[in-house]
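Report on one structure; see the data block that follows.
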Amino acid sequence: MQASELQRAKAVAMSIAASLGLPADDAVVLHDSNKLTLRLLPCDVLARVAPVAHQVAQFEVQLAQRLAGSGCPVAALEPRVEPRVHERDGFEVTLWTYYEPVNPGEIPPADFADALQRLHAGMRELDDVPTPHFTDRVEEAQRLVASRERTPALADADRALLGDTLRRLRRVIGERGAPEQLLHGEPHPGNLLATENGLLFIDFETCCRGPVEFDLAHAPEEVGKHYPGVDQDLLRECRILMLAMITAWRWDRDDQLPDGRRLGVEWLGQIRAALDHDRLDGRG
């Protein structure tokens, strides 16, 4: 968020918490991108704040409640107040349990895979949740790459590379006909907390439907070796597709991820290296 918007968002979150009987004299920024994540003190509540235009908070609250009720490894909403979305001053705010991190460092791949497998098992029971297909997100990236107005700094050769990669892998993955289910959408290490309650997933606003390999593509490479029944060829294709998608987003003129442009350049190099490797192996 912009600096002025960030201060307003912090003030809104503290005001809402205080009105609910949760004393909040300070707000520590834990993460700042398209959505702001705050630790409110002294009540020790985690607040997530986004512009009302995002319109995803209600879905996330309802899904988190259902997954938690099924025993899935997910972060819980703040139990001292009603589980709902609060709207004020152009922001929507949700309040969650704050978990003190434990065992800092990389999560063991086998533990990561076990947590993701349990999450997927719970998600398979939620057939009635309306979510986009993973290809809808691919289309969003394709439209971004095709728009010179939205991605003015993207060089022509890089634009062609991303467009071709997104189009080809979307088709190839679809033709595999792999089983599909409800997915987290972005279960990368930043969305998995190591807590005293075990490993817990957060941030369900990107939920979609697709093969489990699409979710695994966001996890460290070693995780896929511990997840049972994975189609490794499909996983490799999903990894390159995922990399092309997040690279496209880094070239969006409105991207707010810190150091996003440097990552965009770095990931373009990784895509080229992965495609060259596949061509040498006769896969491209």
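Owing to the predicted nature of the structure, the values given are computational and were not obtained by experimental measurement. Throughout, numbering of the chain's residues begins at 1 and tracks the sequence.
Residues passing the salt bridge (charged side-chain N to carboxylate O under 4.0 Å, His left out) test with Arg8 are Asp89, sequence neighbours excluded. For the salt bridge (charged side-chain N to carboxylate O under 4.0 Å, His left out) test, residues two or more places apart in sequence or in another chain that qualify with Arg176 are Asp231, Glu237. Thr94 pairs by the side-chain hydrogen bond (donor to acceptor under 3.5 Å, both in side chains) definition with Trp96, not counting sequence neighbours. When the side-chain hydrogen bond (donor to acceptor under 3.5 Å, both in side chains) test is applied to Arg137, the partners found at least two apart in sequence or on another chain are Glu186. By the side-chain hydrogen bond (donor to acceptor under 3.5 Å, both in side chains) test, Asp164 is found to be paired with Arg167, residues two or more places apart in sequence or in another chain being considered.
Annotation: the span from Asp215 atom CG to Leu235 atom CG amounts to 11.0 Å, rounded to 0.5 Å. Expressed to the nearest 0.5 Å, how far CG of Leu67 lies from SG of Cys207 amounts to 7.5 Å. Rounded to the nearest 0.5 Å, atoms CG (Leu183) and NE2 (His120) are 5.0 Å apart. Atom CZ of Arg150 is separated from atom CG of Asp255 by 11.0 Å, given to the nearest 0.5 angstrom. How far OG1 of Thr247 is from CH2 of Trp267: 6.0 Å, rounded to the nearest 0.5 Å.
Arg84 pairs in a side chain to side chain donor-acceptor pair (under 3.5 Å) with only one of the listed residues (Glu82, His86, Glu87), which is His86.
Asp252 contributes no side-chain N or O that, together with a main-chain N or O of Trp249, makes up a donor-acceptor pair within less than 3.5 Å. Arg159 places a side-chain N or O within 3.5 Å of a backbone atom of Leu154 that can act as its donor or acceptor partner. Judged purely by atom type and a 3.5 angstrom limit, Glu92 has no side-chain atom pairing as donor or acceptor with the backbone of Ala50. At least one donor-acceptor pair closer than 3.5 Å links the side chain of His184 to the backbone N or O of Asp203. In this structure, Ser70 contributes its side chain and Cys72 its backbone to no donor-acceptor pair below 3.5 Å. A donor-acceptor pair is defined here as one N or O able to donate and one able to accept, closer than 3.5 Å; such a pair exists between the side chain of Arg253 and the backbone of Glu149. With Thr97 contributing its side chain and Leu77 its backbone, the two residues share a donor-acceptor pair below 3.5 Å. Judged by distance alone, with hydrogens and angles left aside, the side-chain atoms of Thr165 form no donor-acceptor pair with the main-chain N or O of Leu162 at under 3.5 Å. Using a distance-only test at 3.5 Å, with no hydrogens or angles considered, a donor-acceptor pair links the side chain of His218 to the main chain of Gly185. Using a distance-only test at 3.5 Å, with no hydrogens or angles considered, a donor-acceptor pair links the side chain of Arg239 to the main chain of Ala217.
Ring geometry for Phe201 against Phe112 counts as perpendicular: the plane angle is over 60°, on a 0 to 90° scale with 30° as the lower cut.
When side chains are defined from C-beta on, Val93 does not count as touching Val85, because their heavy atoms never get closer than 4.5 Å. Using a 4.5 Å cut-off on side-chain heavy atoms (C-beta onward), Val74 and Leu119 make contact. No side-chain heavy atom of Leu199 sits under 4.5 Å from any side-chain heavy atom of Asp114. At least one side-chain heavy atom of Arg168 sits under 4.5 Å from a side-chain heavy atom of Leu275. Side-chain contact between Phe134 and Cys238: absent, with no pair of heavy atoms (C-beta onward) separated by less than 4.5 Å.
Side chain to side chain, His133 and Asp136 fail the donor-acceptor criterion of an N or O pair below 3.5 Å.
A salt bridge is absent between Arg66 and Glu125: the closest approach of a Lys/Arg side-chain nitrogen to an acidic carboxylate oxygen does not fall below 4.0 angstrom. A salt bridge between Arg272 and Asp276 is absent, with no side-chain N of the basic residue lying under 4.0 Å from a carboxylate O of the acidic one.
At a threshold of 4.5 Å between side-chain heavy atoms, the hydrophobic network of Ile, Leu, Val, Met, Phe, Trp and Tyr places Leu144 and Leu243 in one connected group. Leu20 and Leu46 end up in different hydrophobic clusters when Ile, Leu, Val, Met, Phe, Trp and Tyr side chains are linked at under 4.5 Å.
Residue Leu193 shares its hydrophobic cluster (ILVMFWY side chains chained together at separations under 4.5 Å) with Tyr99, Leu200, Ile202.
Within 6.0 Å of CD on Glu100 lie more than 12 heavy atoms contributed by other residues, nucleotides or ligands. Within 6.0 Å of atom CD in Gln65, more than 12 heavy atoms from other residues, nucleotides or ligands are found, so the atom counts as buried in its surroundings.
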